[in-house]
Each structure stands twice: as C-alpha cells, then as structure tokens.
Number of protein chains: 2
Amino acid sequence: MKNLSVNISISPDLYSKNPESSDLGKKIVCRSIEMITDLGFEAFTFKKLGVSIGSNESSIYRYFESKHALLVYLINWYWSWIEYKLVFANNNLSSPHDRLNNAIHLFTEPVEKDDEYLFINEFLLNKIIISESVKAYYTKDVDTENEKGFYKTYKRVVQRVSDTILEINPGFKFPHMLISTVIEGAHHQRYFSKHLPALTDVEEGENSIVQFYTDLVRKSILK
Amino acid sequence: MKNLSVNISISPDLYSKNPESSDLGKKIVCRSIEMITDLGFEAFTFKKLGVSIGSNESSIYRYFESKHALLVYLINWYWSWIEYKLVFANNNLSSPHDRLNNAIHLFTEPVEKDDEYLFINEFLLNKIIISESVKAYYTKDVDTENEKGFYKTYKRVVQRVSDTILEINPGFKFPHMLISTVIEGAHHQRYFSKHLPALTDVEEGENSIVQFYTDLVRKSILK
DNA sequence: AATATATAATAGTATTACTATTAAATAAAA
DNA sequence: TTTTATTTAATAGTAATACTATTATATATT
C-alpha cells in the first residue's frame with residue numbers, strides 16, 4: 001500500500017503552486033507537518049521552515065500565500081485521506097449500520113503510524129487536526145473562505161455519513177449535527193485526555209472515546 | 001437584578017492588577033469585550049484598545065500581562081457567571097433530572113441581552129466564548145497554564161453537572177465526557193449555523209440545538 | 001545563441017506583542 | 001506644610017512576525 005497519492009487530489013484553489021509538482025513543494029508539506037506538531041501553529045513560521053529545509057522563506061510563498069493557507073491545505077488533505085479510507089472500508093457493504101460503524105471508528109480511533117504516502121505523515125497530521133484545526137475555521141474570514149471551498153472536503157465527509165444515518169432512520173432530524181458533534185467531540189476528548197483530564201473520563205491506553213461515541217450515536221438515532 | 005458583581009469573584013492568578021479595582025480596569029474589560037467581538041481575537045490588539053479607551057497600551061499591561069491572559073480572564077468570568085446562574089436555578093430542586101435539564105439549557109440556549117452587570121456585556125461575552133474560547137486552551141502552554149488554575153472555573157462547572165448525572169445513573173461511565181461534549185458541541189453548532197451551515201441542521205430562529213443536546217443527554221445516560 | 005519562462009534569493013516593509021525607563025499624580029508620614 | 005513613598009500612566013523603544021517588491025539565476029524553447 002505505498003504511494004497511492006493518486007487517490008488524494010487537492011483542489012487548485014487550496015494552493016498557489018501545487019506542492020506535489022516539485023521536490024521543494026513536497027519538502028514544504030512534509031517538514032511543515034513535523035514543525036507544526038513540534039512548535040504549535042502559532043510559533044511555526046515560514047522563516048523557520050525555510051531554514052529547516054535549506055530554502056528561502058519567499059520560496060514557500062510561491063506555494064502557499066500564508067501559513068493559514070498551508071494549514072487549510074493540510075486539513076483538506078487529511079479529510080480527503082479519511083474520505084478515501086471511508087469509501088474503501090465501506091465498499092460493497094450493504095448494511096448501513098456497518099457503514100456507520102466504520103465511519104465512527106475512523107473518526108474516533110487514534111491514527112496509527114504508517115508510510116502509506118511518501119511525503120505525508122498521517123500520524124502527525126492527525127495530531128495537527130486535533131490540536132490546530134479549529135484555528136483554521138474560527139477566523140473572521142470564514143465566510144469568504146467557505147465560499148472559496150476551503151472547507152468542502154470536511155463538509156463532504158459529514159454529508160456522506162449523514163446520508164448513511166438517514167438510511168437507518170429517515171426520520172432523524174439532526175444527522176449533520178450528530179456527525180459534526182462526534183468528529184469535533186472526539187478531537188476535543190483526545191486533547192483533553194492529554195492536557196485537561198478533568199474534562200474527560202479517558203484513562204491512558206483505553207478506547208473509551210471510541211466506545212463513548214459509538215454508544216452515543218447508536219442511542220441517538222434510535223427511532 | 002443590578003450590580004450583583006459581588007457574586008462573581010475572579011482568582012487573583014488571572015490578572016496582574018484587579019480590573020475591578022479602578023475605572024480604567026473596568027473600561028479595559030468592558031471595551032475589550034466589544035472590540036474582540038468586532039475584530040476577532042487575532043486582529044484585536046492592546047494598542048487598538050488603548051486608543052479606543054483613550055489610554056495607553058502599556059497601562060493595559062498593568063492589568064493583563066498579554067492579550068491571551070485577558071481572554072483567559074474573560075472566559076473565567078463567563079464560567080463564574082454560568083456557575084452562579086446554575087446554582088441559583090437549581091437551588092432547592094431535589095430532582096436531579098430537573099437540575100440536569102436546567103444545566104443543559106444553560107449550556108445550549110442563546111444568551112439574551114441584559115444589564116445584570118455594569119461593565120460586562122454577557123450577550124457579547126457569550127459570542128466570544130463561542131468564537132474564540134478554543135483559542136485559549138489550544139496552546140503549547142496549556143499544561144503549565146492548567147497547573148496555574150487558568151481553566152478551573154470551566155472544570156468546576158463540568159464537575160458539578162457530572163455529579164448530577166451520577167445521581168441519575170451511578171453506573172454511567174463517562175459523565176465528564178458527555179458534558180464537555182455538550183458544551184463544546186453546542187458552541188460549535190451555534191458557530192456552524194452561522195458560518196458553516198453544511199455541518200449542522202439548524203434553521204434560523206429554531207431551538208434545535210437545545211432540542212438535539214437535551215435528547216442526546218437523555219438517551220445517553222439511560223440505564 | 002538568443003529569447004522566454006520558471007524558480008529562488010535579497011532585502012526590504014509595516015505591524016505586532018511586549019518592555020525598560022521615565023514622568024506625573026496621589027497618598028502617607030514627618 | 002513639606003517631605004517621602006507609592007501608585008499610576010506615558011514615552012520610546014525592541015525583537016520578531018507575516019508578508020512583498022525586486023532582482024538574480026537556472027532551465028527550457030526557438
């Protein structure tokens with residue numbers, strides 16, 4: 001399962017120059033993932049990234065117009081990857097219960113280290129999604145950016161799973177709300193378990209987050 | 001119900017000089033709430049605040065060591081206020097179901113404009129909680145700040161309601177997780193309904209957020 | 001070989017968050 | 001009242017940040 005990057009295609013609206021089109025571009029994406037996990041998004045700068053990859057700050061601006069744009073790119077890459085895994089896992093599954101279950105697991109389970117893609121470390125990327133992704137859409141520019149399609153991959157994933165919920169219970173009134181609650185909630189709980197344990201009930205190594213949200217969804221959509 | 005500020009007391013760890021101790025301090029808090037709602041937390045600066053209240057940037061640093069510290073102060077004020085309302089509403093209510101229901105309403109209902117406190121606009125403060133509060137604890141310094149008690153008011157409110165859940169179902173394993181999911185979730189859904197409607201099912205003016213989370217909690221804690 | 005184009009580096013700018021130092025106002029003590 | 005102490009505020013900075021205009025270099029095309 002190596003170099004399947006052909007499956008992940010990112011809309012040209014999300015970069016100035018396609019980072020997959022050059023070695024430098026790939027280095028930018030690859031190293032930025034490592035640096036954002038290490039430093040946090042606030043302390044991460046294009047200057048530091050440039051030094052680290054032996055390139056210049058301004059060269060990075062050829063690929064992304066701002067560090068915010070780079071974060072948005074990473075988030076869309078992540079959701080494309082999740083969508084791919086979701087479609088793959090649910091291929092030929094007729095039972096909507098099974099398909100929903102796969103989705104919940106994908107949203108709530110920790111991401112394992114692997115080398116599916118050459119220049120993207122999904123394990124670290126998942127950490128970024130957990131700790132930094134809210135910063136991408138809690139901005140004053142959210143409306144214009146939403147119009148430009150900055151959040152469409154995430155929205156598409158939510159839509160897919162909402163459809164599955166409606167297959168199970170066509171009368172359920174809040175499928176999108178339930179799914180976005182689960183996704184955002186699972187990220188929060190992972191973060192809380194590490195940094196603000198008083199806000200959660202997770203013990204190290206347990207899979208209570210998966211258990212909690214699986215249960216929550218099952219009970220919520222009961223007719 | 002005017003000037004009950006005697007009920008809201010903020011830990012001295014959360015400011016350098018108590019803003020309630022002087023006119024300038026009150027102006028700082030009052031105006032910062034207005035400016036953060038208008039500009040967003042990123043574009044808000046002490047410089048701009050200074051100009052707006054006819055004072056100097058450096059004078060504001062006497063009260064708060066950074067704009068981050070000011071945000072943390074506001075968040076703690078908000079949760080003290082919520083806690084006060086919670087205790088007040090649940091006074092002499094013996095039924096844990098009723099008490100839980102009051103809490104869920106307090107967490108999910110929109111905050112109305114009123115003049116309960118002289119220099120704090122709770123309506124705007126609630127907007128800040130919805131749009132900016134995640135920025136306070138998604139920081140690299142979260143662990144040291146947590147030790148300093150920066151998030152204790154929020155944690156105390158979650159603890160209170162978790163206790164109520166355990167009164168209803170002592171075997172329920174995830175009370176903190178459920179409550180923090182509801183609180184964070186409700187904030188997300190309010191924000192989504194305005195800016196990213198594809199992630200929710202809320203129609204303008206409806207109270208579906210209250211309905212959704214009330215239902216969610218009820219079904220979740222069933223024995 | 002000449003021209004065009006893609007790519008990267010230099011050297012900047014305005015702004016930001018924050019601070020060290022000085023000045024002025026106020027209160028307390030002699 | 002005068003002196004001393006203390007609280008409060010303003011001046012004038014700093015280092016760092018996010019970003020850009022311009023120039024240089026490499027590569028490809030004619």
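Below, read A as the first sequence line, B as the second, and so on, with proteins coming before strands; counting in each chain starts at 1.
- The side chain of B:S59 places no N or O atom within less than 4.0 Å of a non-bridging phosphate oxygen (OP1 or OP2) of D:dT8.
- End-to-end axis angle of the helix from C:dA1-D:dT30 to C:dA30-D:dT1, using five pairs per end and rounding to 10°, comes to 10°.
- B:N76 pairs in a side-chain contact (heavy atoms from CB on, under 4.5 Å) with only one of the listed residues (B:L71, B:D13, B:L14), which is B:L14.
- The pair A:K148-A:E145 fails the salt-bridge criterion, with no side-chain N (NZ, NE, NH1 or NH2) lying under 4.0 Å from an Asp/Glu carboxylate O.
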Any chance you could lay out the ring-ring contact (aromatic ring centres under 6.0 Å, His included) test for B:F64 and B:Y73, step after step, and finish with the verdict?
CA-CA 9 Å; B:F64 299 101; B:Y73 176 90; 5.1 Å; yes

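- Rounded to a whole Å, the OH atom of B:Y61 is 18 Å from the P atom of D:dG13.
- Between A:K47 and D:dT17 there is no side-chain N or O to OP1 or OP2 distance below 4.0 Å.
- Side chains of B:S16 and B:E65: no donor on one and acceptor on the other come within 3.5 Å.
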Considering only nitrogen or oxygen atoms on both sides, find all protein atoms under 3.5 Å from nucleotides 24-26 of chain D and state each distance.
none

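- Among the atoms of the strands shown, only primed sugar atoms or phosphate atoms (P, OP1, OP2) are found under 4.0 Å from some heavy atom of A:S55.
- Residue contacts for B:F64: at a heavy-atom cut-off of 4.0 Å it reaches no nucleic acid atom on any strand shown.
- For a distance-only test at 3.5 Å, the side chain of B:S58 qualifies as a donor-acceptor partner of the base of D:dA10.
- From the 5' end on, the contacts that DNA chain C makes with chain A at under 4.0 Å to a non-hydrogen atom open and close at C:dT7 to C:dT10.
- Across all their heavy atoms, B:S22 and B:G25 have their closest contact at OG-N, 3.0 Å.
- Shown are A:R156, A:K152, A:K155; of these, the salt bridge (Lys or Arg N to Asp or Glu O under 4.0 Å) with A:E83 is made only by A:R156.
- Nearer the 5' end of DNA chain D, as judged by each residue's closest nucleotide, is the contact made by B:K17, out of B:E57 and B:K17.
- Comparing A:R62 and A:T45 by the nucleotide of DNA chain D that holds the closest heavy atom to each, the one mapping nearer the 5' end is A:T45.
- Around atom NZ of B:K127, no more than 12 heavy atoms belonging to other residues, nucleotides or ligands sit under 6.0 Å away.
- Taking the six-membered ring for Trp and thresholds of 30 and 60 degrees, B:Y191 and B:H195 have ring planes inclined between 30 and 60 degrees apart.
- Residue-environment remark: NZ (A:K48) exceeds the threshold of 12 foreign heavy atoms within 6.0 Å.
- Per the geometry, OH belonging to B:Y63 stands 11 Å off P belonging to D:dA10, to the nearest Å.
- In summary, the side chains of B:D163 and B:Q159 do present a donor paired with an acceptor at a separation below 3.5 Å, with no hydrogens or angles considered.
- Between the side chains of B:T139 and B:D141, no donor-acceptor pair of N or O atoms lies under 3.5 Å.
- Here D:dA18 is the nucleotide among D:dT8, D:dT17, D:dA18 with the atom lying nearest to any side-chain atom of A:K67.
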